[in-house]
Amino acid sequence: MQYDHQTVEKKWQKYWVENGLFTTNSNPKKKYYDLVMFAYPSGDIHMGHCKNYVIGDVIARFKRRTGFDVLHPFGWDAFGLPAENRAIEIGVHPREWTLNNITVSDESLKLLGISYDWEREIITCLPDYYRWTQWMFLLMYKRGLAYKKEAYVNWCPGCQTVLANEQVIDGHCYRSNCKSPIERRKLNQWFFKITDYAERLLRDLEKLSGWPERVKQMQKNWIGKSEGTNIVFPVKNSDIKLEVFTTRADTIFGVTFISIAPENPLLDHLIKDSPYKDAVHTYVSDSSHKSVVERAEKEKDGVFTGIYAINPINGCEIPVFVADYVLVEYGSGVVMGVPAHDSRDFQFARKYNLPIQVVIKPKSGEIDPKHMNDAFVDYGIMINSGEFNGLTSEQGIEAVTEFLHKRGFGGRAVNYKIKDWLISRQRYWGAPIPIIYCEKCGIVPVPDKDLPVLLPENIKDYVPRGKSPLAAVDEFVNTTCPHCSAPATRDPDTMDTFVCSSWYFLRYLDPHNKSEFCSLENARKWLPIDQYIGGIEHATGHLIYFRFFTKVLYDAGFLHVDEPATNLFTQGMVLRNGEVMSKSKGNAVPVGPFVEKNGADVARITILFAAPPERDMEWSDEGVTGAQRFIERIYRLIMENKNLVIKNCSVQPENDMQKKLYIRINQTVARVSNDLENFKFNTAIAALWELLNDLYQYKERDAFFGYGLYVMMNLLSPFTPHLADELWFRTGNTNSLMTEKWLDYDPHYMSDDRMVIVLQVNGKVRGHIDISRDADEEQIKSLALADERVRRHTDNKQIKKIIYVPGKLINVVI
RNA sequence: GCCGGGAUGAUGGAAUUGGUAGACGUAGCGGACUUAAAAUCCGCUUCUCCGCAAGGGGAGUGCCGGUUCAAGUCCGGCUCCCGGCACCA
């Protein structure tokens, strides 16, 4: 009896859609928002992409059967560079390429039987969607969270555009087929002020108990909160004050120089009368030509500015250097140099023969300043520090900060590593920034009523040349000022696609709303996301951005929640031959042909059974073989016995064999239900496999056998929905299992009334006794001591004690 | 450097949180069915020692040590691997 997956799968896919089984109940009583990260349409999807979707689908199908109104939508993150690069290569319009990819990929998802509510599909490159992306920009602008500034930014020479910090990996472009070394350029760009939310983004991580610890830790590191002191160093013979940030105010007596970043805007003013002006300019110019990586890897160097600053704690004069190991964007872009207690400062001081003044000694022991090889960076006891001598570093930090604060030389300060989010991109295929520049009125936001600012379609040249291709489209750029109607120009840049993806989860809630991105009513119905599923690679990008957007919308009164997702699950990747599955590596398994040959349910089992879902899995032919056998064996067994299937077993088990099977059945219901709640799909399938093996072994064709078959097909439905529904149908039902309530188990038959007690002597297993569950401790002990194998080890020995773990084991200690 | 996570048979992986290590699958071996093969069904498979056998002993979850009647699981110290951040002052 051969299982004809092709016919069966098509039939049920059609049935599900025609009967609206994937359609969301728009008035949920008990809502469950099950969301997988949407996708970039870079071609047809392959099995590597599908793991995510299969996991989401299992959850959706399970939750529906346990009484939830499930929202399970999908969509496409459709703007972005690959489409544009394709356009440059082969001349097809990015829109056409993207929409084609979406069409074929949607088809593949349907072939796998993923239960998306297709009526809610969203595509970010369509004006209906991106008008709201633009609206989000304007909201940020109105709330003072979008601003334009001239700044040093990450420039990708490959993509010919700027990138956000989150898109620079080890000094290189994040795009896997670019990876160019990032350069620094000073450009006038739009930023989102995510730093205003740094503290809340950090603090609220505590609320996210349903998020993996790893992701929270990564976000914490990324936000990088650092508490310390701002210290003001007045400049000698000048009104300029240099402010530095330090976490080690206790080392202030050891400051022997100050370093300022070459890009620091204070610098020009500082050196305007200095005789060392030219040398400084040369140094600044040199370092501006170095890439981020080059600067990080070279030896620390700098140049004296000819300027001296005054240490506010003791009035000492100290030289000011320009040094490009100082980051302009962190703190104030000026640092105090304490060579004795900071490794970088130590190297710098050695190179330029600056004094190394020891002011902290270890809590036990001494430091010999003459023979130091490196800085002493640990906390210790303050020395050579005047009235502060003898304080511990912890006390010293407090005391010095307090001292300076009282005298107006600074005070407590907090710094974050996270930087404002640069969202301008000098590329075509994105949502245009809805801003107009007017000579008279300056920066003018496009009024809401004029949205969307349409991306022009008739563009001839996509090739990036350092500015947006839109700058060359006169019909687009030239407009009139919304304020004064004078001729004006549009911003030619488009937005980072991560802006589009920061709010997409809201559009699903109300995808056809023409007047709002989402009504508050719909937001209240569905938010927060109950389960979000996606890749770990988004930990410090998208997963921070969408939290940021949620908080801004909450503050503006558009949402009632300030965190988007209560639970997050990060799935592992799909590998083949040891490498991540991808089209470009040539190891991808395309969906269409695989499903044609083996079936969607085989694909689903292969993915789910190979490894726990959070771990990387290797796609192997052996895995496919196993999944195939699993499905065939179930089909055969149930079809051969289809007349025996019964929905409940009203009889009580009469013999041990029946009881054993009935217990197995109940245990399986419990195990599978529990595993489904905990993302343990591999062990859930293993439990089903055990039940299957037991059913094969069971020779009686009685009610318990028939019930076992019934339970089997029921529990299968989240994993292999086509097979399950087909069996359900063939055993006399006219509906889909999707609309059947999930099974309960009979609590009276969860375990045998007999138990197996493990017999140990000194912790070593020596035997077992099979005994009634009501047996008391004394009875068991005496049986254990009488056991032949136990006696072999206890005879002629003195028994010290006997440990009895109820229902489990007995350990005789000799 | 800092912060996470991990290491279990030939192999993917189980193990109710301290209580029979190796569930389930794959591969391999053997058996049944078959003229034969495939498929299917049924068994065996951590290493090692004693035994013709039934059976019995010993060791074993990266390494070393500890706690405990009992450790893959807890504690201390390492080794290696993977991931994140990294000139953050």
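Only a predicted model underlies this, so the values are computations on that prediction, with no experimental measurement involved.
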Enquirer: So what does Lys764(A) touch, heavy atoms closer than 4.0 Å: a base, only the sugar-phosphate, or nothing?
Expert: sugar-phosphate
Enquirer: Is any side-chain N of the basic residue among Glu398(A) and Arg412(A) closer than 4.0 Å to the acidic one's carboxylate O?
Expert: yes
Enquirer: Quick one: classify the glycosidic conformation of rU17(B) as syn or anti, with syn meaning within 90° of 0.
Expert: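 Syn, angle within 90° of zero.
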Enquirer: Measure OH/Tyr635(A) against P/rU40(B) and give the value in whole Å, please.
Expert: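 For the pair Tyr635(A) OH and rU40(B) P, the rounded distance is 16 Å.
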Enquirer: Measure the distance from CZ on Phe630(A) to P on rC41(B) and round it to the nearest whole Å.
Expert: 13 Å
Enquirer: Should the pair Glu199(A)-Lys225(A) be classified as a salt bridge under the 4.0 Å nitrogen-to-oxygen rule?
Expert: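 Yes, this pair counts.
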Enquirer: Taking only the side-chain heavy atoms of Met218(A) (C-beta and beyond), determine which of rC69(B), rA86(B), rG84(B) contains the nearest atom.
Expert: rG84(B)
Enquirer: Across the strands shown, which category fits Val335(A) at heavy-atom distances under 4.0 angstrom: base, sugar-phosphate, nothing?
Expert: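 Answer is base: heavy atoms of Val335(A) come under 4.0 Å of a base.
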Enquirer: Just checking, Arg633(A) and Tyr696(A): is the charged tip under 6.0 Å from the six-membered ring centre and within 45° of the axis?
Expert: yes
Enquirer: In plain terms, say whether Lys351(A) and Glu299(A) are close enough for a salt bridge, that is, a side-chain N and a carboxylate O under 4.0 Å apart.
Expert: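 Salt bridge: yes.
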Enquirer: With C1' as the reference atom in both, quote the distance from rG1(B) to rG12(B) in angstrom, rounded to an integer.
Expert: 36 Å
Enquirer: Which one is paired to rA53(B), where only Watson-Crick or G-U wobble pairs with both distances under 3.5 angstrom count?
Expert: none
Enquirer: Tell me whether the centres of the aromatic rings in Tyr352(A) and Phe257(A) are closer together than 6.0 Å.
Expert: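 Aromatic pair excluded; centres sit 6.0 Å or further apart.
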Enquirer: Expressed as a whole number of angstroms, how long is the span from Leu608(A):CG to rG13(B):C1'?
Expert: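 Interatomic distance, CG of Leu608(A) to C1' of rG13(B): 15 Å.
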Enquirer: Report yes if the distance between the aromatic ring centroids of Tyr416(A) and Trp222(A) is under 6.0 Å, otherwise no.
Expert: no
Enquirer: Going by purine N1 to pyrimidine N3 plus the second Watson-Crick contact, or the G-U wobble pair, all under 3.5 Å, which nucleotide sits opposite rG22(B)?
Expert: none
Enquirer: Can you tell me the distance, in whole Å, between the CD atom of Glu614(A) and the C1' atom of rA14(B)?
Expert: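 Rounding to the nearest Å, CD of Glu614(A) and C1' of rA14(B) are 13 Å apart.
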Enquirer: Under the ring pair (Phe, Tyr, Trp, His ring centres under 6.0 Å) criterion, do Phe409(A) and Phe233(A) qualify, and how do the steps go?
Expert: CA-CA 8 Å; Phe409(A) 289 105; Phe233(A) 288 77; 9.1 Å; no
Enquirer: Measure all distances between protein nitrogen or oxygen atoms and nitrogen or oxygen atoms of nucleotides 2-9 of chain B, and list the pairs falling under 3.5 Å.
Expert:
from: rC3(B); atom 1: O2'; to: Gln217(A); atom 2: NE2; distance (Å): 3.1

Enquirer: On a whole-Å scale, what distance lies between the C1' atoms belonging to rG19(B) and rU11(B)?
Expert: 29 Å
Enquirer: Are Arg184(A) and Glu263(A) within salt-bridge range, i.e. N to O under 4.0 Å?
Expert: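 So Arg184(A) pairs with Glu263(A) through a salt bridge.
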Enquirer: Charged N to carboxylate O under 4.0 angstrom, Lys781(A) versus Glu777(A)?
Expert: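 Glu777(A) and Lys781(A): salt-bridged.
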Enquirer: In whole Å, measure the gap between the C1' atoms of rC33(B) and rG43(B) for me.
Expert: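 Comparing C1' positions in rC33(B) and rG43(B) gives a spacing of 15 Å.
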Enquirer: State whether Arg629(A) and Glu632(A) are salt-bridged, where the test is any N-O pair (Lys NZ or Arg NE/NH1/NH2 against Asp/Glu carboxylate O) under 4.0 Å.
Expert: no
Enquirer: Between Tyr325(A) and rA89(B), is there a side-chain N or O to OP1/OP2 distance below 4.0 Å?
Expert: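 Tyr325(A) to rA89(B) OP1/OP2: no side-chain N or O under 4.0 Å.
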Enquirer: Searching all strands shown, indicate the nucleotide that pairs with rC80(B) (Watson-Crick or G-U wobble; both distances under 3.5 Å).
Expert: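 Partner of rC80(B): rG6(B).
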Enquirer: Report which part of the nucleic acid Lys801(A) touches: base, sugar-phosphate, or nothing (heavy-atom distance under 4.0 Å, all strands).
Expert: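 Sugar-phosphate: the residue Lys801(A), judged by heavy atoms under 4.0 Å, touches backbone atoms but no base.
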Enquirer: If you only use heavy atoms from C-beta on, which nucleotide in rG58(B), rG13(B), rC42(B) is closest to the side chain of Arg766(A)?
Expert: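 Ranking rG58(B), rG13(B), rC42(B) by closest atom to the Arg766(A) side chain puts rG58(B) first.
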Enquirer: Would you mind reading off the distance between Phe233(A) atom CZ and rA89(B) atom P, rounded to a whole angstrom?
Expert: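 Whole-Å distance recorded here is 16 Å.
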Enquirer: Which part of the nucleic acid, if any, lies within reach of Ala296(A) when heavy atoms closer than 4.0 Å are counted: base, sugar-phosphate only, or nothing?
Expert: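 Answer is base: heavy atoms of Ala296(A) come under 4.0 Å of a base.
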Enquirer: Quick one: on RNA chain B, does Tyr696(A) or Lys298(A) contact a more 5' nucleotide (nearest heavy atom)?
Expert: Tyr696(A)
Enquirer: Using whole Å, report how far CD of Glu632(A) lies from C1' of rU40(B).
Expert: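 Interatomic distance, CD of Glu632(A) to C1' of rU40(B): 11 Å.
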Enquirer: All N/O contacts under 3.5 Å from nucleotides 19-22 of chain B to the protein, with atom names and distances to one decimal?
Expert:
from: rU20(B); atom 1: O2; to: His768(A); atom 2: NE2; distance (Å): 3.0

Enquirer: Mind checking the C1' distance from rG77(B) to rG22(B)? Whole angstroms is fine.
Expert: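 Taking atom C1' in both rG77(B) and rG22(B), they lie 29 Å apart.
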Enquirer: Report the nucleotide, chosen from rG84(B), rA14(B), rC85(B), that has the shortest atom-to-atom distance to any side-chain atom of Pro612(A).
Expert: rA14(B)
Enquirer: With rounding to the closest Å, how many angstrom separate the C1' atoms on rA89(B) and rC82(B)?
Expert: 30 Å
Enquirer: If you restrict it to nitrogen or oxygen atoms, what contacts under 3.5 Å exist between nucleotides 23-29 of chain B and the protein, and what is each distance?
Expert:
from: rA23(B); atom 1: O2'; to: Glu690(A); atom 2: OE2; distance (Å): 3.0
from: rG25(B); atom 1: OP1; to: Asn693(A); atom 2: ND2; distance (Å): 3.2
from: rU26(B); atom 1: OP1; to: Arg629(A); atom 2: NH1; distance (Å): 2.7
from: rA27(B); atom 1: OP2; to: Arg629(A); atom 2: NH1; distance (Å): 3.3

Enquirer: How should the glycosidic conformation of rG9(B) be described, syn or anti, under the criterion that syn lies within 90° of 0?
Expert: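 For rG9(B), whose glycosidic angle is within 90° of 0, the conformation is syn.
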Enquirer: Kindly say whether the aromatic ring centers of Phe679(A) and Phe681(A) come within a distance under 6.0 Å.
Expert: yes
Enquirer: Select from Asp342(A) and Ile169(A) the residue whose nearest nucleotide in RNA chain B is closer to the 5' end of that strand.
Expert: Ile169(A)
Enquirer: When you compare rC41(B) with rU26(B), how far apart are their P atoms, in angstrom units rounded to a whole number?
Expert: 10 Å
Enquirer: Is it true that Lys298(A) and Asp324(A) have a side-chain N and a carboxylate O under 4.0 angstrom from each other?
Expert: yes
Enquirer: Between Trp421(A) and Phe498(A) (judged by ring centroids, cut-off 6.0 Å), do the two rings come close enough to count as a pair?
Expert: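 Aromatic pair excluded; centres sit 6.0 Å or further apart.
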Enquirer: Is the Phe719(A)-Phe609(A) ring centre distance short of 6.0 angstrom?
Expert: no
Enquirer: Under 4.0 Å, counting only non-hydrogen atoms across every strand here, what does Val326(A) touch: a base, just sugar-phosphate, or nothing?
Expert: base
Enquirer: Between rU20(B) and rG31(B), how far is it from one P atom to the other, in whole Å?
Expert: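 So the two P atoms sit 36 Å from each other.
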Enquirer: Roughly how many Å apart are rC2(B) and rG13(B), using the C1' atom of each and rounding to a whole number?
Expert: 33 Å
Enquirer: Taking atom C1' of rU17(B) as reference, at what distance in whole Å does atom NZ of Lys680(A) sit?
Expert: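 Rounding to the nearest Å, NZ of Lys680(A) and C1' of rU17(B) are 10 Å apart.
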Enquirer: rU11(B) P sits how many Å from Asp621(A) CG, rounded?
Expert: 19 Å
